[in-house]
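If you're wondering where the values come from, they're calculated on a predicted model, not measured in any experiment.
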Amino acid sequence: MKRIYGLVTLLLLVSALAAQTLTLRHVVNFPFTTNSLGDVGTNDCGGWTDSAGVDYAIIGNLDHIAFVRASDGVVLDTVQLASLGDGYYHRAIVTVGHYCYAVNEMYGKREGLATIDLRYLPDSVHYVGNYTASGTMIRCHELDADRTRPYLYMEADEQLGQNGIEIVDITDPENPNKVGFMSIPSTHDMTARNDTVWVAEGYAKAFSVWDCADKGNPILLGRITSSTFGYAHGIFPSDDGKFFFTTEETANKTVKVWDAHDLNNITMRGQYLGVNNLAHNVYVMGDLLVFSHYTAGVTIVDWNDPDNLVEIASYDTHPQNNVANFFGTWGAFPYTANGFIYASNFDGKLFILDWDRNGAVAVDAGLPRQAGHCWPNPMVSMTNVPLQLTAAAPVKVVAYDLAGRLVETIFDGQLDAGNYTLPWHPHPHVAAGTYHLRISIGSNLRTETLVLQR
């Protein structure tokens, strides 16, 4: 039998990670409804910064999107959009210049691609119009804007029999014009940068990279697929495009780091699985990954070492539980001028968080890290549990107190080969003290002693 080992301590690593904190500034409440899916109504969120440096949050709701001043949480204006035909009320929002573009997985009033002029904030926003490409773009789940090119990329309207990505020219921002189509089965989400598009292919269990310089003839650059993937939900590249990050929106399927230096040989590096075992979306900011992680809330992970991801901050917008289900944080938007992160919860809530990139914590987050050992230790509110599997195996991570009593089961399930990070956030009822962490990987067992400081 092939032996399976946890990471072996080979050398002492000195961490360059900065302590970071997320603290609540405002909660803004919106109407929601309760149906067979649960409490629903609030969905994607985005943001915009005006020429004076004022930040605004933008959030989708039951029948409208709202525009909120981040500093004080005041709702300044709303725009009604389509609201029929989708129990989750899916919307997607991006901004380009002083325009907001929004799509809906619904039909009805103002269906298709909405254009909204933001330059009149904080007084109001101006609804410009909706574009449906002569009736072929009605319902759309996701969209993205190329940061350096005047194009939008939109999931095609599967209700009309299309499957792939619509390419829309916004050189004239108030008059979108369809200029191309990418036929990609089961497309769910995409990220566009510099005429390159990274695509999450949904039920096709695949992620792909495309050259879209010629809008009429996109060229496949690289693709990964596996029968072990869950639902290929989200994808986001690193700033230089040499790595990309994926979410699978399936319980116990990890966030994965992919090395794309050679697009003919894309390889997996590190993996991360939040406390609720179900991620939604990932957003990249340099060496940091920001996640909307459903019931785990917003989590921030350092990927400076792509083989060993480290969670460095979090804010739980759904403290009721950590179930692997579609509750809690839907969207997280970190691209603000004044250190805010916006998080949207299904149940009608917008959280405006202050993100302190150099936040003080009671235990210095600059503590040295030993390869293969939990970090930080001592811990205040969480620690990272690193694992390495040389082959697929059952994994169980359990915390006990010094009397041998079970405190928490952190993870219990099957994992594929690879490097992993599993964070442990001890429940508030767990008292300060010393605990033993038992980590079993197949037949291999190791124990670590952790100190929790409250």
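Shown are L437, V275, L452; of these, the side chain to side chain contact (heavy atoms under 4.5 Å, CB included) with W424 is made only by L437. Exactly one residue among I59, I58, T78 makes a side chain to side chain contact (heavy atoms under 4.5 Å, CB included) with F67. That residue is I58. Here the options are F236, W303, W258, the test is ring-ring contact (aromatic ring centres under 6.0 Å, His included), and the partner is F245; only W303 passes. The side-chain hydrogen bond (donor to acceptor under 3.5 Å, both in side chains) with H188 is formed by just one residue from the set H141, E155, E249; it is H141.
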(request) Would you check, one step at a time, whether the test side-chain hydrogen bond (donor to acceptor under 3.5 Å, both in side chains) holds for N194 with T148? (result) CA-CA 6 Å; N194 302 311; T148 60; 2.6 Å; yes
(message) Using side-chain hydrogen bond (donor to acceptor under 3.5 Å, both in side chains), reason through H293 and N276 one step at a time and then give a plain yes or no.
(response) CA-CA 8 Å; H293 220 292; N276 64 327; 2.7 Å; yes
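Listed by first and then second residue, the salt bridge (charged side-chain N to carboxylate O under 4.0 Å, His left out) pairs involving residues 25-51 are R25-D354 (not counting sequence neighbours). Under the salt bridge (charged side-chain N to carboxylate O under 4.0 Å, His left out) criterion, no residue pair touches residues 226-247, with sequence neighbours excluded.
Other residues, nucleotides and ligands contribute at most 12 non-hydrogen atoms within 6.0 Å of the CZ atom of R438.
The aromatic ring centroids of F351 and H26 lie 6.0 Å or more from each other. Here Y294 and H280 bring their ring centres to under 6.0 angstrom of each other.
Of all heavy-atom pairs spanning Y153 and D195, the tightest one is OH-OD1, 4.4 Å. In terms of heavy atoms, T421 sits closest to N308 at OG1-C, 4.3 Å. Across every non-hydrogen atom of F291 and V282, the tightest pair is CE2-CG2, 3.4 Å.
Remark: the T21 side chain and the T23 side chain contain no N/O donor-acceptor pair separated by less than 3.5 Å. Side-chain contact check for T329 and T317: at least one donor-acceptor pair (N or O, by modelled atom type) lies under 3.5 Å.
F244 does not carry R193 over the face of its six-membered ring by the limits of under 6.0 Å from the centre and within 45° of the normal.
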